[in-house]
Amino acid sequence: MTANPHAEHLQELLEGLNEPQREAVTHGEGPLLILAGAGSGKTRVLTHRLAFLVYTDQAQAGEILAITFTNKAAGEMRSRVERLLGRSTRGMWLMTFHAACARILRAEAPRLGYTRQFTIYDQADARRLTKRCMDEVGVDPKRYTPAAIHNQISSAKNRLLDAESYGQQVGAPFEEMVAEVYRLYERDLLRMNAMDFDDLLLRTVNLLELFGAVRESYSATFRHVLVDEYQDTNHAQYRLLQLLVGGGRAPARGEPVHTPGHRNLAVVGDDAQSIYGFRNADIRNILDFQDDFPDARVVKLEQNYRSTETILSAANAVIANNRGGIAKRLWSELGAGEPIRVQALDDEHAEARFVVGEIERLVEEGASRTEIAVLYRTNAMSRVLEDTLVRREIAYQVIGGTKFYERAEIKDAIAYLSWLANPFDVVSFTRIVNSPRRGIGQTSLSRIVSHSATVGVSVWEAAAEPEQIPGLGAAAVKALRRFMGTMEELREHVEQNIPVGDLLEAVLAQAGYVEALEAERTIEAQGRVENLQQLVEVAREFDAGADAEADTLDLFLQQVALIADADTRSDDEGLVTLMTLHNAKGLEYPTVFITGCEDGVFPHSRALDEGGLEEERRLFYVGVTRAMRQLYLTYARRRAIFGAQAYGLPSRFLSEIPAELTDGGVDGGGLDGRPAGVGIDGRPLPASVDGYPISARDSRVRARVRARTPPFANTSSSRGGGGDNGWAAAARASAERGGAGPGLPAESFRLGEDVLHAAFGEGVVTGVEPGGVIVVRFAGDGSERKLMAEYAPVSRR
DNA sequence: ATCCTGATTTTTTTT
DNA sequence: AAATCAGGAT
């Protein structure tokens, strides 16, 4: 090899990397497994490796496929690589699996019987379609929810089982029924020229399996494939990689497939952070990588640059309770730092007040709000926190939750565009035909749709000739004709390929959508109009960056469909960040609160039912390792769930943390004399963490920003959020008792025993479960409830 | 076809 | 506690 003209840059590129990091970055051809512990500089290795490949001419930008878990991560990585390279990464495929598949399918769709304009259905669309198919099969909707059925279908698709093979493989009546629905669901999707999220993966695999030449072409194009968060890939994604790079183990069934290929696959992941099993991620993909590629180079990144030793020790201690996994020993040089603060509170309101109080204190001491994150297990838990933050006038943002693109008006607007692009798209048609109200109700709608299916034409064609539709009333015919007149006009705009922003405005105006909202004259409707204006803005931005060439509408729709968290600003505005633990993956904050550390909440009871304790523990591990300097773990003794009060015990994960790492706030541990929040050593903490800027989310994150001016800051009375009635007091008494003396251990209850509850009255014990839970059926309303025996106000009678 | 109301359900986690 | 849904009244 001749002297590299970029030698200087190369030097620079490798500077500041530790030994294993450098090994991973400079690895040449062949399979590479990077086991990257939390905070070990994984993103750094990935970006540097990408730059390295380009610098050393091992690959052109266009010959690299780099897969990330989210759009946001892709965007961040792209800008970091560009900074390293000092030039654009145009041509590099740096995106999520779904986006890459959508792009491939956009080009190759006709081979699979779709047009290039196929619509991508999100989960809500998919569920709606599932429900329709369930109705058609005659499934009792009381017994099974569309969500449950669709989950089954989704899981089948992720295992690459089509409706037929799924049907052959299953035996139970429930599964037979699912298979039936699955068949119709597939038929409808194809008919509508639409794909759901899972199809993007599945159909791409189909494409590459069916057309050898296509596979070879993509395989040759992507000379290097890199995958981030490999521990969270599912089987379809696994198979896709196999097809692209060659090698890998045989598919689940059928004969081994020895796909030839370059095998230049580099994967990065951490089995301890696998938290998407519920989405069919298969942790075996990373555990078995060395079996798939026996000659793989394996690099372990074990030095943590993020957290204090205290935080890291806690994380290690907790994760040690999981069986199996790949041995790693994470270490840090950042010193012990502050102890972990564990705090018990009476209820979720007190918890929120505590968290917000601490935030106020930290900010007063000079911390920036952007350095603080509050994490919780479920989205619903953000509400109380938000209320409290608003009351104290602290600016915050919520990541995830109700997403911009899930709002009804946004989905309506997108549906208009989708139907204009894809006249077969029944789901979109169904959504918009009577929105705003045009007098075309359920009955007429069914007639139109079934007519189109019977005759075998698109819904568009069917709707365009209303008088041909049997049974359609005169009023409906008239309304439909008027509607279609508008749509035909808009369709002409599409054919002229006008900018999407203009098209969208025309749609909203001519369809009478904005007009109808304004007629409502409510604040809510005004907000919807504003959201729509924001969407028009998004479209205009898209237009500005798009090629003037054709297909702009299709590309826009594709992009929008795959944005899970879009929207705008977030950083440097002084916002505290709230999000679920899942959303926190890959992020870091100097101060982190993990709220709701109660058994049943976290670990979540539903996850426990499904044997997902280890995954919950990994999620806890992810949460803990987000913290750089200070970690708070809070739990509430009492919490409203579905509006009813429930009593909780501290999360079992709390007891898995060695006591010497905490300030001793766990119930039962009692006070240890040290004032809360005061460090053992009192030493100042490092102000910044070595080379790693204090990062929050990058600016492409979608965020709901609320910083309203409330009428009042909190009143001095801290009696709590209302409801201080008799039995709440009784509950508190009971909860306090739990800390000191033995309450009533669950084991002391017998099945069939009569009990009396302070609020629910008389009942009978129908079950005793592990974790101190008893199940009681109450005479009053016949309800069956799970209670924490030690805390619930129950007594024998 | 639309509106109203009471009943039921919802809270895992997300590309 | 809130949101969605079904069924019935208008």
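Residue numbers start from 1 in every chain, and the chains themselves are labelled A, B, ... in the order their sequence lines are given, proteins ahead of strands.
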Check the phosphate of B:dT14 against A:Asn379, side-chain N and O only, distance under 4.0 Å to OP1 or OP2. Yes or no?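 So the side chain of A:Asn379 is within the cut-off, an N or O lying under 4.0 Å from OP1 or OP2 of B:dT14.
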Selected nucleotide, minimal atom distance to A:Lys131 side chain, candidates B:dT14, B:dA1, C:dA6: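 Shortest atom-to-atom distance from the side chain points to C:dA6.
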For nucleotides 3-11 of chain B, print each protein N/O atom paired with a nucleotide N/O atom at under 3.5 Å, atom names and distance only.
residue	atom	partner	partner atom	Å
B:dC3	OP2	A:Arg437	NE	3.4
B:dT11	O3'	A:Arg606	NH1	3.4

Rounded to whole angstroms, how far apart are CZ on A:Arg447 and P on B:dA1?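 Those two atoms, CZ and P, are 8 Å apart.
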Partner of A:Lys157 by side-chain hydrogen bond (donor to acceptor under 3.5 Å, both in side chains), out of A:Asp199, A:Asp162, A:Asn280, A:Asp198: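 Filter result, single survivor: A:Asp199.
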Decide, yes or no, whether a salt bridge links A:Glu386 with A:Arg383 under the criterion of side-chain N to carboxylate O below 4.0 Å.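 So A:Glu386 does not pair with A:Arg383 through a salt bridge.
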Electrostatic pair A:Glu598:A:Arg638 at N-O distance under 4.0 angstrom: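 Result for this pair is no, no salt bridge flagged.
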Give the minimum heavy-atom separation between A:Thr486 and A:Ala511, together with the two atoms involved.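 Scanning both residues, the minimum pair turns out to be CG2-N, 4.2 Å.
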Identify whether NZ of Lys or CZ of Arg in A:Arg132 sits under 6.0 Å from the centre of the six-membered ring of A:Tyr185 and within 45° of that ring's axis.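 Not flagged: A:Arg132 not positioned over aromatic ring of A:Tyr185.
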Who pairs with A:Tyr121 by ring-ring contact (aromatic ring centres under 6.0 Å, His included), at least two apart in sequence or on another chain?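 A:Tyr121 satisfies ring-ring contact (aromatic ring centres under 6.0 Å, His included) with no residue once adjacent residues are dropped.
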For a quick check of understanding: with a heavy-atom distance under 4.0 Å over all strands, which category does A:Phe97 fall into, base, sugar-phosphate or nothing?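 The residue A:Phe97 makes no contact with any strand.
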Within the structure shown, what part of the strands sits under 4.0 Å from A:Asp198 by heavy-atom distance: base, sugar-phosphate, or nothing?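 If one applies the 4.0 Å heavy-atom cut-off, A:Asp198 turns out to touch nothing in the nucleic acid.
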